[in-house]
Number of protein chains: 2
Amino acid sequence: MQEFFVTVDLVVLTILDGSLNALVVKRKYPPFEGSWALPGGYVAADEDLPAAAYRELEEETNLREGVHLEQLASYGAPGRDPRGRTVTIAWLALLPSSSDPSAGTDASDAAWRPVTDFMEGGLPLAFDHAQILADGVERARAKLEYSPLAAAFCPPEFTVGQLRAVYEAVWGAPIDPRNFHRKVTHAPGFLEPTSQASNVDGGRPARLYRRGTLDLLNPPITRATTGLTAPQGSTDQS
Amino acid sequence: MQEFFVTVDLVVLTILDGSLNALVVKRKYPPFEGSWALPGGYVAADEDLPAAAYRELEEETNLREGVHLEQLASYGAPGRDPRGRTVTIAWLALLPSSSDPSAGTDASDAAWRPVTDFMEGGLPLAFDHAQILADGVERARAKLEYSPLAAAFCPPEFTVGQLRAVYEAVWGAPIDPRNFHRKVTHAPGFLEPTSQASNVDGGRPARLYRRGTLDLLNPPITRATTGLTAPQGSTDQS
DNA sequence: ACAATAGTGTCTGTTAGACAGTATCGC
DNA sequence: GCGATACTGTCTAACAGACACTATTGT
């Protein structure tokens, strides 16, 4: 019976300077020494897969609470790792954009990089991590449409303007502030208003909201008008 | 370094008698001898994950072409298989309802069973397969809304009535035939009309369609009539 | 005052949902 | 004719998108 190594790899995304960034690490040892790679590592002997993902996330970001983490897909092509037959379970993590940008980068070779740096023949990534990153970014973009996932990029309390900035960063297209405001505040269960307000952005102070209890947004917030197209998911093997 | 066994397990769904059915096999050997389980098996030494999934699918159903197959999720809790540390990559397959219902059942202990048989404390399934099946069914239900996946349950050429029957079977709720017809025939790229017609259902012959090229349905076909949306009629608004 | 952001109202075109009505088969 | 299914048209309420307008802050 063939035996495998099993790893977890993380696509950790956050918003920095209005664009979508991914956490990458510089490899210190072969294979792919000196190349960028997604953070990850081997699953331990008595460890469940989510536990391994949370452990790696905490090692890289020092964060555990308030982080959205979901399984993305698994990759196991023969030869994807020259050290041996390896299957990796990839996870998608979304961090609030208010997280200290240097978290995870201290005393290590980790860095935030715009995801576009690794698309379309840009910077190379080790192993099949370019494909994994692309799948994670596409998952995040798609889920913003029909789920309240955008709030995972925001701190616990946030303004409608901050939430809109997330959509604009992830989709790369501007959104009408007035229509967006009406849409998200009128969707029952999507946002919970607080009695607080914030004026960090200049201009009139904005009400602060928390995530609501809704987990399926109907009707969705569409990116149809932005002209963005959704590539076919790589897990669809037809 | 811990080593793992890696398997693929299949959630194979089709429509039989107007309800959603799953393919299950009766186990001949321990563990869980005599219990129902999802079809699956070990990934071979030089085999990619999709290749293993297709091989298992073909072994159980004799089908390879015209079947929708996509990765579902991976499961790897310690102790989920008493024979050793095992990670399984689960796949979701959708078969046309016109497939011979006995396919995959000959010379084996495989059978089609309504998925409801295994829900909510019904028939037990081996290992963690009840969870995997539930995840697969929910994935199928959700994807019908915003993708043309329902056509995967239909033969290559099908009528609007057959397609509607798929939605009604998967969601368990009736749909207005007139509005459904208008919706799917007016969505560009969703259906491709042929010059043929069919009258197998009695009544006026219906035009036959093929799957279109669209892969993201916008706006979606909603499950709103099943009670998923919040009430809107607010009489207290001034 | 002015810039900037927050939030509301209003108009228009499109669509979902409800359902009347017509078309074309088998019996 | 009658039942069954296919398909078209019509009405209404709701919503998306566009955008004018008001509100409240900092400078």
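Each chain gets a letter, A, B and so on, in the order the sequences are listed, and its residues count up from 1.
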Worksheet item: How many Å lie between CG on A:Leu208 and C1' on C:dG7, as a whole number?
Response: 15 Å
Worksheet entry | Non-neighbouring partners of A:Arg55 that pass side chain to side chain donor-acceptor pair (under 3.5 Å), sequence neighbours left out | A:Glu47, A:Glu59
Discussion item. So if I take the C1' atoms of five pairs at each end of the helix from C:dA1-D:dT27 to C:dC27-D:dG1 and get each local axis, what angle do the two axes make, rounded to 10 degrees?
Written reply: 0°
Discussion item. Quick test of your reading: applying ring-ring contact (aromatic ring centres under 6.0 Å, His included), list the pairs with at least one residue in residues 181-210 of chain B, sequence neighbours left out, ordered by first then second residue.
Written reply: none
Worksheet item: What is the distance from CG of B:Asp176 to C1' of D:dC7, rounded to the nearest Å?
Response: 12 Å
Practice prompt. Report the residues that fulfil side chain to side chain donor-acceptor pair (under 3.5 Å) with A:Arg207, sequence neighbours left out, ordered by chain and then residue number.
Written response: none
Item to complete: Sequence neighbours left out, what passes side chain to side chain donor-acceptor pair (under 3.5 Å) with B:Gln131? Give chain and number order.
Response: B:Asp135
Response to the item:
Taken to the nearest whole Å, CG/A:Leu163 to P/C:dT5 is 17 Å
Discussion item. Could you work out, with ring-ring contact (aromatic ring centres under 6.0 Å, His included) as the rule, every residue matching B:Tyr75, not counting sequence neighbours?
Written reply: none
Worksheet item: Can you list the residues that meet the side chain to side chain contact (heavy atoms under 4.5 Å, CB included) rule with A:Gln71, with sequence neighbours excluded?
Response: A:Ile89, A:Trp91, B:Ala73, B:Ser74
Discussion item. Using whole Å, what does the distance between atom P of nucleotide D:dT5 and atom CD1 of B:Ile175 come to?
Written reply: 16 Å
Worksheet item: For A:Arg204, what residues pass the salt bridge (Lys or Arg N to Asp or Glu O under 4.0 Å) criterion, not counting sequence neighbours?
Response: none
Discussion item. Applying salt bridge (Lys or Arg N to Asp or Glu O under 4.0 Å) as the test, list every pair that has at least one member in residues 169-193 of chain B; sequence neighbours left out.
Written reply: B:Asp176-B:Arg178
Worksheet item: If you round to the nearest 0.5 Å, how far is CG of B:Leu163 from CZ of B:Arg211?
Response: 10.5 Å
Discussion item. Quick check on contacts: within residues 178-189 of chain B, what sits under 4.0 Å from DNA chain C by heavy-atom distance?
Written reply: B:Arg178, B:Asn179, B:Arg182, B:Lys183
Worksheet item: With B:Glu157, which residues qualify under side chain to side chain donor-acceptor pair (under 3.5 Å), at least two apart?
Response: B:Arg210
Discussion item. For a quick check, with a 4.0 angstrom heavy-atom cut-off, what is the B/S/- contact string for nucleotides 22-27 of chain C, read 5' to 3'?
Written reply: -BBB--
